[in-house]
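Notes follow the structure.
Proteins come first, then strands; the chains are lettered A, B, ... in the order of their sequence lines, and each starts at number 1.
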Amino acid sequence: MTTFFSAIGLVLLAFFWQVTLSGIARKVVARGQKRMGPPFYQQFLDIFKLWSKGSITHGFIYDFGVIMALGGTIATLIFVPAGNFVVFKGLDNFFVITYLLAIGLLGMAMSASGSGNPWASIGVMRGLTQNLGYELPFLIVVLSLIYDYKTGSISGIAEAQQGMGILGWNLFRMPLGTIVAFVSLLGMLGKKPFDTPIAPAEIASGPLVEYSGKHLGLLMLQHEFAQFIEVGLFVNLFLGGGTVIEFLIKYFFVYILATMIGNVMGRFKIDEVVAFYLKVPLLLAFIQALIIIFTGLGVSVWL
Amino acid sequence: MALNENEKINEIDVNELDCRDTKTFWEKFGNIFRSKSLWMLHYCTGCGAIELPPTMTSRFDMERFGMGPMATPRQADVLLITGYLSVKTLRRVIYTYEQMQTPKYVVGFGSCTLNGGIYYDSYAVISRLDYYIPVDLYIAGCMPRPEAVMNGFRTLLDMINKGEAKGWKRYLKYNDWYKRNQIRALGEVYVKDEFHE
């Protein structure tokens, strides 16, 4: 019963924190362009407005894919620890999250293909291709982390960093790996150099082109939850987790930094995205993995 | 307008007849959100479109009111008819309007949408938009300056909040009247749908 209520609590925390931050990010983007920008609660208004609109269906697969994407993402979300707030203690394994996260993406892909719009197919193809690009360097860095900490548990890795204050964070122990993970995080969040899947001016917002009203509202919610998972993973693995408050503060800085970087960038073409990820970050990730495996530097450098 | 003089448009005053908001609780509640977040379709037809970039960017900053451009009609709430509409474009506008989801609003820019403007007698340009799709708000000017556009949008937001922007209900209720006018101007076409064959 406690697990049930803490799962509900985590979902509500993710909803209110991430949707507020999305609004603040819109404000940040606006200030970068010398505008006032919308109020910080604008994202809530958008989501609630979409739920009050009419919507059409393009068949069973189209409806079912939306539910599958949202359900799969919420199921992934409750495995992600928010600092020391862990819903399933001992089960918050990195591999569980990696496998479950694919359900959301595949549900979205299935549903968008079911809509029958050619832009949607192109967008889904681009999304899955980009997934191929950023997963590989990110997984190599995290697997070398898991190799050295001898645990796959997210909260275990977060706790292992907390002995020595700020110098214990993996950000300072393995800066190379952190840079790789942050570049991968930009791709996961779909921030500007890597927003190829939903390029609004090119392919009319890609997979979302046929969604309207309630379907679009649910998918926006799914996107917010997915962002919470991705930024939460980064904060736990590289910035040392901490208590819930510390977690949320670190989360804030990571998310706003990603937004500000995205704000000054152009957009890659999809072949450039994959070529970039498989050249620079993958090489850096291999170097980081080799350093950790052969010299023991990185994870144990300060010890 | 592509109409003969002897086949007049069958005038009924659609604005006079009753299609008020039901004003239920959920309707009022939804109108609050709809009036604070309005996504417009980036489908610009005439010369008024050139006033939209300054309205969106840093000087006039439309996003303050939660308004923003959307790339696809499925996601949009408001359709902007920015000036004259040729008969060929009208067909596309109607397709676009019918793809938008139900609380949807239409804003007409300038005198061309109101009475034809300088294209009043042209055979290729329609001279009054609200025979074909229901218009919620006209913005005066030829073309309206960004201040006028912002003022018009604020008026539209107030109308939505009070439940007065009910053009989409009119389109549902008097659909056969609108269809008759559309067919009279455009003629019927057979649309070949390759995808669903």
Side-chain angles (χ1 to χ4, degrees), chain A residues 23 25-59 62 112 114-121 123 195 198-217 219-220, chain B residues 21 24-43 53-78 96 98-105 150 157 160-161 163 168-169 171-172 193-197:
Chain A
R26 280 175 76 172
K27 197 98 183 158
V28 168
V29 170
R31 295 305 294 167
Q33 298 166 351
K34 288 200 174 185
R35 293 190 283 119
M36 282 309 293
F40 74 93
Y41 50 83
Q42 183 64 45
Q43 204 75 4
F44 286 104
L45 297 177
D46 284 353
I47 289 178
F48 290 139
K49 178 208 73 175
L50 284 174
W51 288 347
S52 81
K53 267 178 79 101
S55 188
I56 55 165
T57 174
H58 291 281
Y62 179 82
S115 76
N117 193 312
W119 294 132
S121 307
D195 71 336
I198 45 156
E202 269 173 67
I203 51 171
S205 47
L208 303 174
V209 61
E210 280 289 324
Y211 292 101
S212 54
K214 297 177 179 70
H215 290 80
L216 185 61
L219 280 181
M220 273 180 80
Chain B
D21 258 7
T24 60
F25 172 74
W26 289 112
E27 191 98 5
K28 283 183 200 165
F29 191 67
N31 280 339
I32 293 173
F33 291 111
R34 287 168 200 160
S35 72
K36 291 190 190 314
S37 152
L38 198 63
W39 293 350
M40 58 179 202
L41 182 61
H42 230 152
Y43 181 98
T55 318
M56 279 187 278
T57 49
S58 45
R59 184 162 172 201
F60 292 98
D61 187 21
M62 182 192 281
E63 208 188 1
R64 289 205 310 273
F65 309 126
M67 299 186 68
M70 274 292 141
T72 152
R74 296 272 188 223
Q75 303 170 2
D77 300 313
V78 59
T96 312
E98 290 182 351
Q99 281 186 46
M100 289 162 62
Q101 293 306 306
T102 34
K104 52 186 175 183
Y105 316 100
M150 292 297 274
L157 296 180
I160 292 170
N161 200 354
W168 59 279
K169 288 189 174 176
Y171 195 70
L172 289 178
D193 185 359
E194 289 175 348
F195 184 75
H196 286 108
E197 273 174 3

Below 4.0 angstrom, N of the basic side chain to O of the carboxylate: do B/Asp77 and A/Lys49 qualify?
yes

Select one option (side chain, backbone, both, neither) describing which atoms of B/Thr72 are under 4.5 Å from chain A's heavy atoms.
side chain

Ranked by heavy-atom pairs below 4.5 Å to chain A, first place among B/Gly66, B/Pro103, B/Ala71, B/Ser37 goes to B/Ser37

Would you check if the side chain of B/Asp61 reaches a backbone N or O of A/Arg35 as a donor-acceptor pair within less than 3.5 Å?
no

Is B/Gln101 close to A/Ile56 at the side-chain level, that is, under 4.5 Å between some pair of heavy atoms?
yes

Distance, nearest 0.5 Å, that separates CD of A/Gln42 from NZ of B/Lys36
9.5 Å

Please state whether the side chain, the backbone, both or neither of A/Leu50 comes within less than 4.5 Å of a heavy atom of chain B.
side chain

Side-chain donor/acceptor of B/Gln75 to backbone N/O of A/Leu208, under 3.5 Å:
yes

Close side-chain approach of A/Gln33 to B/Thr57, heavy-atom, < 4.5 Å:
no

Chain B shares the most heavy-atom pairs under 4.5 Å, among A/Gly37, A/Gly213, A/Ala204, with A/Gly37

Looking at CE of B/Met100 and OG of A/Ser212, how far apart are the two atoms once the value is rounded to the nearest 0.5 Å?
11.0 Å

When rounded to the nearest 0.5 angstrom, what is the spacing between NZ in B/Lys104 and NZ in A/Lys53?
9.0 Å

As an exercise: rank A/Ser52, A/Ser55, A/Pro39, A/Ala30 by heavy-atom pairs under 4.5 Å with chain B and give me the winner.
A/Ser52

Gap separating the CZ atom of B/Arg74 from the OG atom of A/Ser205, nearest 0.5 angstrom:
12.0 Å

How long is the gap from CZ on A/Arg31 to OG on B/Ser58, to the nearest 0.5 Å?
11.0 Å

Part of A/Leu45 within contact of chain B (heavy atom distance under 4.5 Å)
both

Side chains of B/Arg64 and A/Pro38 in contact at under 4.5 Å (non-hydrogen atoms):
no

Under a 4.5 Å heavy-atom cut-off, does chain A meet the side chain of B/Trp26, its backbone, both or neither?
neither

What do the steps show when you test A/Met36 against B/Glu63 for side-chain contact (heavy atoms from CB on, under 4.5 Å), and what is the final call?
CA-CA 8 Å; A/Met36 282 309 293; B/Glu63 208 188 1; over 6 Å; no

Heavy-atom pairs under 4.5 Å with chain B - which of A/Leu216, A/Val209, A/Ile203 has more of them than the others?
A/Val209

